[in-house]
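Just the heavy atoms: all of them, side chains too, but no hydrogens, waters or symmetry mates, feed the values below. Below, read A as the first sequence line, B as the second, and so on, with proteins coming before strands; counting in each chain starts at 1.
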Protein chains: 2
Amino acid sequence: MFRKLFTTGHKGRSCHEKRGYMKEKKEDRRIGRTRRLMHEALMSLIVEKGYEAVTVQDILDRADIGRSTFYAHYRDKDELLLSSFEHLRNLFEQQQQALIASMRTGQEPEVNFILELFRHTGEHQKLYKAIAGKQSGEMILKYLHRYLYNLLIEPHTLLMKNKKSPPVPVEITTHCLVSSLLSLLTWWLDNNMPYPAEKMDEIFRIMTTPTIEAAFGRKVQKNEYDKIVSRHPEGSLMAFYSHFIDSDCCPAG
Amino acid sequence: MFRKLFTTGHKGRSCHEKRGYMKEKKEDRRIGRTRRLMHEALMSLIVEKGYEAVTVQDILDRADIGRSTFYAHYRDKDELLLSSFEHLRNLFEQQQQALIASMRTGQEPEVNFILELFRHTGEHQKLYKAIAGKQSGEMILKYLHRYLYNLLIEPHTLLMKNKKSPPVPVEITTHCLVSSLLSLLTWWLDNNMPYPAEKMDEIFRIMTTPTIEAAFGRKVQKNEYDKIVSRHPEGSLMAFYSHFIDSDCCPAG
DNA sequence: ATTTTATCGAACACCATGTTCGTAATAAAA
DNA sequence: TTTTATTACGAACATGGTGTTCGATAAAAT
C-alpha cells in the first residue's frame, strides 16, 4: 500500500523491499522506471560535480521526479548510492558464480578475481567512475574497501594457516593491498583506461606478488588459490591469484 | 584594516594573509587565539563525527566564536582544514630540514622519510587522526596523497633514469605506494598505534621494497636514495629509503 | 590616554532537507 | 472495459544551515 510509505519511521520502504533497480516479478513498471531515473541522475551528477557536492534537489531536478517520490523510495542520497553499489555487486558476483561453475565443469581453466574485477570495471565504466573514480564519495570508497577486504582476508588467512607469525600481520597486508588495488582502479578510471584489463591485472600482480611473499614470509605457488577455492564450502570468490609469475620474483638487476 | 575584510569578494583575508595559527611578529594576539580555537574545534569535531558531517555552525558553537568572525578569517570549513594541514606540513618539513642539516655535518647517519613520517604522526596524533584517520574528509586525504606523491615521484624517477621501460610505469607504482602508505597510516591511527613507529617503518619496508624492485625492474642498493638526496639542489626530502633489506628479497619458502 | 583592530550579535536573504496530505495518473486485476 | 490498487506528484510547512552586512563593544597596539 503506497499510502503506508508515508508512515513516520518507515521511510524509503517499497512494498517489495528491493531498492536496486533490477526488476523482480510483478513489480510495478513505474517503480523500475522511477528508480532507474534516480540512479542515472546520481551517476551522472557524481561524475560532474563529485558525490559530496550533489544534493537531493540536484537529483530531483536531473531525474525530473518529485521530492516526496524520492523519499518514498530512499532515506537519503547515501542509500541511493548504496543501492547502486549493490546492483553492481550483484552483477559482478553473478558473473563470478557463472565462471566458477564453468571452472568446475572444466570449461574454464581458472578464475582470476583481479582480472575479472578490471574487466567488470571496463564493462560498467560509467557506474565504476561514479563509485570508484576520483569524484566518488568517501562513504562508498570505504564500503568498497571493506567489501574487497572481506573477500580477500579469508584466502590470505588460509595461506597463512601453517605459519603462526608472518613478518607482517595478514590483516595489515590485506588492508594495504586493497588500498593499492582501489588506487589502481581509480587511476585507471580517471585516466580513461589507457591499458586493457589484462595489462592492469599484470601490473597489479607485478607489484603485489612480491609484497605478499615478503609480508607472508613464504613463497606462493601456482594454482594454490584455486585449490582453496575448490575446497571452500560456498564456492565464493577466493581465487585471488590463479597463477603467479615464475619463482624468480626479482628481475635481474 | 578589519573593516576591509568585509569587502565583497575578499572574504577570509586577514591583513597578514597567514591563516595557519602559527604566530608571526606583531600579529594581534586575538587573531592567534581565535584561530587556535577554530582549529582545535575542527580537529575534535572531525574525530567525533567525521569531517563531512561537521558544519560551520558546529565549529562556531564548539569554539565559542561569532559567525562573522569565522568568515572574516576563512572562506569555509575546507579552508580551515587546509590551513591545519599546512601547519602540520610546516612542522614536518622544518623537522626534516633540521635532520638533513645534521646528516650533512655527519651527526646523523641518514634520513629515513617513512620513519620520520610515522614518528611525526605519533607526536601529533590528534592532528593526524583528524587529517588521516578514518573520520577525515576525502578532500584532505586527496591533498595528502598528492603531497606525498609529489614528494616521492622525483626520487623514483631518478632511480629509473637509466632504465627506459620498467615493468610498471613509475607514476603508477608511486601512486599505489602512496595509497598503501596512507592506508597503513590510517590503520595505525585508527587502531591506536599498537606498534612503535620503527615497527611501522619495518612493516612498510617489507611490503614495498620488493614491490619497488619488481615494478622498477631493478634491484635497489643500500643508501642509493641518500646519494640522490645529497646531490639534490634543494636538499629536499628525497631519502625514501635510507637502507634496504639485504639482497635476498624473497624469504625462503 | 587615544587610536586601531578584532570580535560580536542581530538581521537578512537564500537554499536545502524531510514530512504530510489530498489529488491525479498509471498500472494491474477482474 | 471497468474497477481497484498503487505510484507519483505539487504545495505547504517547519527546520536548520550558509554567507553577508553593519554598527557597537572590547581588546590590543601605539
- Query: In whole angstrom, what separates Glu79(A)'s CD from dG18(C)'s P?
  - Reply: 12 Å
- Mind checking Asp61(B) for me? I need base, sugar-phosphate or nothing, with any heavy atom below 4.0 Å counting as a touch. nothing
- Item | Met38(B) CE to dA6(C) P, straight-line distance once rounded to whole Å | 12 Å
- For the residue pair Gln94(A) and Asn90(A), confirm or rule out a side-chain donor-acceptor distance under 3.5 Å. no
- Rounded to the Å, how far apart are Arg36(B) CZ and dA6(C) P? 16 Å
- Task: Take atom CZ of Phe70(B) and atom P of dG9(C), then tell me their distance rounded to the nearest Å.
- Result: 16 Å
- Query: For dA8(D), does either OP1 or OP2 sit under 4.0 Å from a side-chain N or O belonging to His73(A)?
  - Reply: yes
- To the nearest Å, give me how far apart CG (Asp78(A)) and C1' (dT17(C)) are. 14 Å
- Of the candidates dT17(C), dG17(D), dG9(C), the side chain of Gln57(A) sits closest to dT17(C)
- Query: Under 4.0 Å: is that the gap between some side-chain N or O of Thr34(A) and OP1 or OP2 of dA8(D)?
  - Reply: yes
- Task: Could you tell me whether a side-chain N or O of Thr186(A) sits under 3.5 Å from a main-chain N or O of Ala132(A), the two making a donor and an acceptor?
- Result: yes
- Query: Reckon Arg67(B) has a side-chain N or O less than 4.0 Å from the OP1 or OP2 of dT20(D)?
  - Reply: no
- Query: Do the ring planes of Phe92(A) and Phe113(A) sit parallel (below 30°), tilted (30 to 60°) or perpendicular (above 60°)?
  - Reply: perpendicular
- Message: Please check this pair: side chain of Tyr51(A) against backbone of Asp78(A), looking for a donor-acceptor N/O pair closer than 3.5 Å.
- Response: yes
- Does Arg30(B) have a side-chain nitrogen or oxygen under 4.0 Å from the phosphate oxygens OP1 or OP2 of dT5(C)? no
- Give the nucleotide from the list dA27(C), dC9(D), dG19(D) with an atom nearest to the side chain of Asp28(A). dA27(C)
- So, is Tyr71(A) near the phosphate of dT19(C), with a side-chain N or O under 4.0 Å from OP1 or OP2? no
- Message: Over all strands shown, is Asp58(B) touching base, sugar-phosphate only, or nothing at heavy-atom distances under 4.0 angstrom?
- Response: nothing
- Task: Measure from CG on Asp76(B) to C1' on dG17(D) and round the result to the nearest Å.
- Result: 14 Å
- Minimal non-hydrogen separation, Ile46(A) against Gln135(A), with atom names: O-CB, 3.2 Å
- Item | Length of the CD1-P vector between Ile65(B) and dG9(C), whole Å | 10 Å
- Separation of dT17(C) atom C1' from Arg75(A) atom CZ, nearest Å, is 14 Å
- Query: Per the atom types in the model, does the base of dG10(D) pair as donor or acceptor with the side chain of Ser68(A) at under 3.5 Å?
  - Reply: yes
